[in-house]
There are 2 protein chains.
Amino acid sequence: MTIKEIAQLAQVSSAAVSRYLNGGYVSEEKKERIREAIEKTGYHPSAQARILRTKKARLIGVVAPKLSSESIARVADGIGEVLAEKQFQMLLTVTNNRSEKELEYMRLFENYPVDGIILIGTVISKKHEKFFEQSKVPIVVLGQYTDKANCVYHDDYGAAKDLAGRIAGKEKKKIAYIGVTRDDRAVGQEREDGFRAGLLEAGIVLPEELYGLSEFSVESGYRQAKAILEKNSDIDIISCATDTIAAGAMEALKECKKERREKVKVTGFGDNQFLKAVSEGITTVHFYYKTSGIKAAEMLLDIIEEGHQVPIRMKLGYQIMEH
Amino acid sequence: MTIKEIAQLAQVSSAAVSRYLNGGYVSEEKKERIREAIEKTGYHPSAQARILRTKKARLIGVVAPKLSSESIARVADGIGEVLAEKQFQMLLTVTNNRSEKELEYMRLFENYPVDGIILIGTVISKKHEKFFEQSKVPIVVLGQYTDKANCVYHDDYGAAKDLAGRIAGKEKKKIAYIGVTRDDRAVGQEREDGFRAGLLEAGIVLPEELYGLSEFSVESGYRQAKAILEKNSDIDIISCATDTIAAGAMEALKECKKERREKVKVTGFGDNQFLKAVSEGITTVHFYYKTSGIKAAEMLLDIIEEGHQVPIRMKLGYQIMEH
DNA sequence: TTGTAAGCGTTATCAG
DNA sequence: CTGATAACGCTTACAA
């Protein structure tokens, strides 16, 4: 079913049908005939032909490291919400945490072409930045700061510093920290640096043997925590760069003797709903993930539709969820 | 940059370039010139024009109720994996659990058009079934059984029955069940019916006052569990239709006196990694979510690429994770 | 208001 | 093997 056939059925030109569809000049009389013809045939215009002609796809490419992470899923939910509302479609690819894939997919999107790209960022390399600068389609980076592209990110440093200050607060506790690769600037670098800075203000220097480097998984968090717990018998707090790692730490703790288990506290980042609900709950940082998805999508659509050219770097706050 | 410009640069016809791109007859000599021209210009063919011409978009539409649920995210991860491997793109829409939206989005996809649709199912209405039957593009339903479309689903009934049998086993326990709307056949109906059947075999009839109806949220699970706990002082087990609800139940339990809290066990469905990791862990059912996403995507691509016409209803097994 | 016709960037046919 | 050329279904000057 094509626009021509509708035109024939309604005894008008295809241009008239096109105008009808897109709100141009059509007389009432013809409008009615066209409406009928479309109704009868169940005609739908071909998105592809329109895109080819107009160069507007109403399509946003989203690149995510994975979906099976509560924080990322919340972000993606937020993006989807805005896109649906504005009648944009979301083209989604998942990299399984392989940062090279990000570039590959962004290039794919650029040439598809989509109207804009949202990158849920992990490791922003020089190549990424070069891409941001030369890309033909607007890009918003989510979750990482970069000065080469518009971005929406969280106050990882501030939150970590705040958190460290609070838990170190009263008496000087013995605190361990399990982080992730510093290649991930937000989660690896900012959180660790902020955390160390917060401790320092309380007069504590994080010693090497109380630092662990973990992957983004419960399993890895478990192993790191286990190693630290085995070598240090008098820890008060294990702070983790993500709630996933924190879950692993709590798993490790389960294997300790009761009195010890009850003494050691675990903290995380992300305010995972399951951690909150069960067991004792942990002190964690609430970031506005869904909001970040919403803001990023809105920002991108703004650029696309209104042609805004002002570079924006949007930092979102946090909330410490103490327990 | 278009195919014509490349043709000019390489001193060949656009047809030759097209053949080069799609593996047709081109002499070595021309191949080389074309390769150079493409290299130099960084040319990428327009996906849209090709789609318009070939009617093959290499595009799969996925309709999901939400992403911020571990099980659904795992499913989506599985789908994405297969699609990426086979060079298909995923167009994703999220309905926020509004089942009418599912139809709207599937229609949108049908007319886009995409090459196939995967519906991560919740409530399958008559309208859904009608759509399955008349759809122009192949559809695979995931997570729900239907005889009107190809589907991949989990053995919800069997798992629930098995689970109920095991926990009721030895001495007759006092067991409560918190389910969800029976409109959701898999999660609401099958799990509840299976569970009751399992209890029955152990000689237990689930009494009305030990049944709760919850939404798909921690909060709602909490409220239902709370209500049941308040009215029944001697419960041994609270079984929940999802791990999310189970998390709510555990939250409610936290507010009970210690001796009671330690007596009551909670069970769920989904094998959520956070529930597994923290606190005491709960007995739950592991479903092969990621596998189901993989199988559904493979099934769909098989239909699209090989034109398989045999209707398939694929039921995936489960594993009880006892604790 | 309306219709005609010229593209958009490909691929497929068909005659060389 | 190669190159014209005609679609694919739509939008948009432009002329009427």
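Keep in mind that what you see is a predicted model, and the values were worked out from it rather than measured. First the proteins, then the strands, lettered A, B, ... as listed; each starts at 1.
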**OP:** Mind checking A:Ala16 for me? I need base, sugar-phosphate or nothing, with any heavy atom below 4.0 Å counting as a touch.
**Re:** sugar-phosphate
Original post:
Does a side chain donor of either B:Gln189 or B:Asp156 reach within less than 3.5 Å of an acceptor in the other side chain?
Top reply: no
**OP:** Remember a base hit wins even if backbone is also touched, and classify A:Ser18 as base, sugar-phosphate or nothing at under 4.0 Å, heavy atoms.
**Re:** base
Subject >> Along DNA chain C (nearest heavy atom to each residue), the more 5'-positioned of A:Arg19 and B:Leu21 >> reply: A:Arg19
Original post:
Hey, is the side chain of A:Ser13 poking within less than 4.0 Å of OP1 or OP2 on C:dG3, counting only N and O atoms?
Top reply: yes
Original post:
Expressed in angstrom and rounded to an integer, what is the separation of B:Gln48 atom CD from C:dT11 atom P?
Top reply: 13 Å
Subject >> Nearest non-hydrogen partners of A:Ile304 and A:Pro138, listed with the distance >> reply: CG1-CG, 3.9 Å
**OP:** Whole angstrom is fine here: how far is it from OH in B:Tyr112 over to P in D:dC8?
**Re:** 21 Å
Subject >> Touch class at under 4.0 angstrom, heavy-atom based, for B:Lys4 against every strand present >> reply: nothing
Original post:
Starting at the 5' end of DNA chain D and moving along, which residue's nearest nucleotide shows up first, B:Gln11 or B:Leu52?
Top reply: B:Gln11
Subject >> Enclosure of B:Gln134 CD (heavy-atom neighbours >12, cutoff 6.0 Å) >> reply: yes
Original post:
Which one, D:dG9, D:dT2, C:dG9, comes nearest to the side chain of A:Arg53?
Top reply: D:dG9
Original post:
Given atom CD1 of B:Ile34 and atom C1' of D:dC1, what is their separation to the nearest angstrom?
Top reply: 12 Å
**OP:** Just call it for B:Tyr43: base, sugar-phosphate, or nothing, with non-hydrogen atoms closer than 4.0 Å on any strand.
**Re:** sugar-phosphate
**OP:** Could you tell me the separation between the CD atom of B:Glu5 and the C1' atom of C:dT10, rounded to a whole number of Å?
**Re:** 14 Å
Original post:
Take atom NZ in B:Lys66; do more than 12 heavy atoms of anything else shown fall under 6.0 Å from it?
Top reply: yes
Subject >> Nearest-neighbour nucleotide for the B:Ile3 side chain, D:dG9, C:dT11, D:dT2 considered >> reply: C:dT11
Original post:
According to a strict under-4.0 Å criterion, is A:Lys55 in side-chain N/O contact with OP1 or OP2 of D:dT11?
Top reply: no
Subject >> Distance below 4.0 Å between B:Thr2 side-chain N/O and C:dG9 OP1 or OP2 >> reply: no
**OP:** Provide, to the nearest angstrom, the distance between the CG atom belonging to B:Asn22 and the P atom belonging to D:dC1.
**Re:** 17 Å
Subject >> Any donor-acceptor N or O pair under 3.5 Å, side chains A:Thr122, A:Glu102 >> reply: yes
**OP:** Spell out, as yes or no, whether a donor-acceptor pair under 3.5 Å connects the side chain of A:Arg313 to the backbone of A:Asp147.
**Re:** yes
**OP:** Report yes if a side-chain nitrogen or oxygen of B:Lys30 is closer than 4.0 Å to either non-bridging phosphate oxygen (OP1 or OP2) of D:dG3; otherwise report no.
**Re:** yes
Original post:
Any idea which of C:dA12, C:dG3, C:dT1 is nearest the A:Ala15 side chain?
Top reply: C:dG3
Original post:
What integer distance in Å separates A:Arg50:CZ from C:dG9:P?
Top reply: 18 Å
**OP:** Let me know the distance between CD1 of A:Ile38 and C1' of D:dC10, rounded to the nearest Å.
**Re:** 13 Å
Original post:
Over how many whole Å does the gap from A:Glu29 atom CD to C:dT2 atom C1' extend?
Top reply: 12 Å
